[in-house]
Amino acid sequence: MTYKIAEKKRLAQRARASRQRASLPEIVLLLIMLVVNSTPILWGLVTSLKTRREILVYPPKFFNFTPGLEHYFNVFRNGLDIGMRNSLLYSACTIALGLVLGLLAAYGFERYHFPFKKILFYIVIAGIPLSIGSAAMLIPNYLYMMELGLTNKWYTLILLYTAYNLPMAIWIMKGGIEAIPLEIEDAALIDGCSRAYIIGRLIPRLILPSIASSALFLFIGAWNSLSLL
């Protein structure tokens, strides 16, 4: 009885704490952060609606100008839609290829034992910074692809984007597979499931958050590689 009363008091205190309003300094701080973070975005939006002459006016006008969409029309006339289509295509292909290869590699590193396993995994971890500094590899990659005869091929960028971001995908999915008890796979094998079914159907359903995180990193890595387009 005493325990139930204490539990009710604790829940009531938690409910009152959740209903407490923010103090005035907290509200002021949040408003300042909102203004500081939103001003560049709003200024860019306003500038995009001005004509070239109005952009160069000093002091700049924030409200008193005639808005127009000429800059947006010019961007689309110069091939923005084609660039976005190509970027989406390459990003989607990179995600598909990266998830397949990353899942297979992560499962192999986590479930199998083979020579130089730790060394190979350390090499994978050492390759994670490639997703950040891929621009530094632009000239070496071009020379290497030229030697292989892979220049001016539509799939070359997909291979490069996947190679740059694959280490991160492997590392993330390996952590997801590591959290799955091995007994689940043993039970699936006893029930007649093949190893291909476990890798292709069972494991992906159990590590959906890891797959989503890997897909997000693959997409960001491919979409931001403007220097390689």
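Rounding to the nearest 0.5 angstrom, the gap separating the CG atom in Leu216 from the CD1 atom in Ile211 is 13.5 Å. Expressed to the nearest 0.5 Å, how far CD of Glu183 lies from CD1 of Ile190 amounts to 10.5 Å. Residue Thr39 holds its OG1 atom at 10.5 Å from CH2 of Trp43, rounded to the nearest 0.5 Å. Separating the CD1 atom in Ile180 from the OG atom in Ser210 is a distance of 8.0 Å, to the nearest 0.5 Å. To the nearest 0.5 Å, atoms CG (Leu166) and CD1 (Ile128) are separated by 10.5 Å. With rounding to the nearest 0.5 Å, the separation of CG in Leu34 from CD1 in Ile27 is 13.0 Å.
Tracing side-chain contacts under 4.5 Å through hydrophobic residues (I, L, V, M, F, W, Y), one reaches Leu120 starting from Tyr112; they form part of the same cluster. With hydrophobic clusters built from ILVMFWY side chains whose heavy atoms lie under 4.5 angstrom apart, Tyr144 shares a cluster with Ile158. Linking ILVMFWY residues whenever their side-chain heavy atoms come closer than 4.5 Å, directly or via other members, leaves Ile139 and Leu160 in distinct clusters. Using a 4.5 Å cut-off between side-chain heavy atoms of Ile, Leu, Val, Met, Phe, Trp and Tyr, with links allowed through other members, Met33 and Leu42 fall into different hydrophobic clusters. Residue Ile41 is not grouped with residue Leu31 when hydrophobic side chains (ILVMFWY) are merged at heavy-atom distances under 4.5 angstrom, including chains of intermediate members.
Taking the side chain as every heavy atom from C-beta outward, Ile184 and Pro181 approach each other to under 4.5 Å. Considering only heavy atoms from C-beta on, Tyr155 comes within 4.5 Å of Leu150 through its side chain. Lys153 has its side chain out of reach of Leu159: every pair of non-hydrogen atoms, C-beta onward, lies at least 4.5 Å apart.
Of all heavy-atom pairs between Thr151 and Tyr142, the closest is CG2-CE1, 4.1 Å. The shortest non-hydrogen separation linking Leu103 to Pro204 is CD2-CG, 3.8 Å. Lys174 and Ala106 get closest at one heavy-atom pair: N-CB, 3.5 Å. Annotation for Cys193 and Ile198: closest pair CB-CG1, 4.4 Å, computed over non-hydrogen atoms. Across all non-hydrogen atoms, the minimal contact from Ala105 to Ile170 is CB-CD1, 3.6 Å. Shortest non-hydrogen contact noted between Ser214 and Ala169 is OG-O, 3.6 Å.
More than 12 heavy atoms of other residues, nucleotides or ligands lie within 6.0 Å of OH in Tyr72, so this atom counts as buried by the packing criterion. Counting non-hydrogen atoms of neighbouring residues, nucleotides and ligands closer than 6.0 angstrom, the NZ atom of Lys117 exceeds 12 such neighbours. Tyr197 OH: more than 12 foreign heavy atoms inside a 6.0 Å radius. Remark: Leu148 CG is packed, more than 12 non-hydrogen atoms of other residues, nucleotides or ligands lying under 6.0 Å away. Enclosure of atom CZ in Phe121 by more than 12 non-hydrogen atoms of other residues, nucleotides or ligands within 6.0 angstrom is indicated. Around atom CG of Asp186, more than 12 heavy atoms belonging to other residues, nucleotides or ligands sit under 6.0 Å away. Crowding of Met146 atom CE: a count of heavy atoms from other residues, nucleotides or ligands under 6.0 Å exceeding 12.
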Practice problem: For Glu185 and Leu182, run side chain to side chain contact (heavy atoms under 4.5 Å, CB included): C-alpha distance rounded to whole Å, both residues' side-chain angles, the deciding distance at 0.1 Å, then the answer. | Solution: CA-CA 5 Å; Glu185 297 182 34; Leu182 190 59; 4.2 Å; yes
Practice problem: Apply the test side chain to side chain contact (heavy atoms under 4.5 Å, CB included) to residues Leu218 and Tyr161: give CA-CA distance (whole Å), side-chain angles for both, the deciding distance (0.1 Å), then the verdict. | Solution: CA-CA 8 Å; Leu218 288 166; Tyr161 294 161; over 6 Å; no
Quiz item: Would Val124 and Trp171 satisfy side chain to side chain contact (heavy atoms under 4.5 Å, CB included), going step by step from the backbone distance to the final call?
Solution: CA-CA 8 Å; Val124 170; Trp171 184 46; 5.7 Å; no
Exercise. Please report the C-alpha distance between Arg195 and Tyr107 in whole Å, then the side-chain angles of each, then the deciding distance to 0.1 Å, and finally whether the side chain to side chain donor-acceptor pair (under 3.5 Å) criterion is met.
Key: CA-CA 11 Å; Arg195 184 64 64 178; Tyr107 188 85; 2.7 Å; yes
Practice problem: Test Met168 against Ile125 for side chain to side chain contact (heavy atoms under 4.5 Å, CB included), laying out the working first. | Solution: CA-CA 8 Å; Met168 177 66 78; Ile125 297 299; over 6 Å; no
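Exactly one residue among Pro167, Ser213, Pro209 makes a side-chain contact (heavy atoms from CB on, under 4.5 Å) with Ile172. That residue is Ser213.
Relative orientation of the Phe114 and Phe109 rings is tilted, given thresholds of 30° and 60° on the angle between their planes.
Tyr90 places a side-chain N or O within donor-acceptor distance of the main-chain N or O of Trp154, the cut-off being under 3.5 Å.
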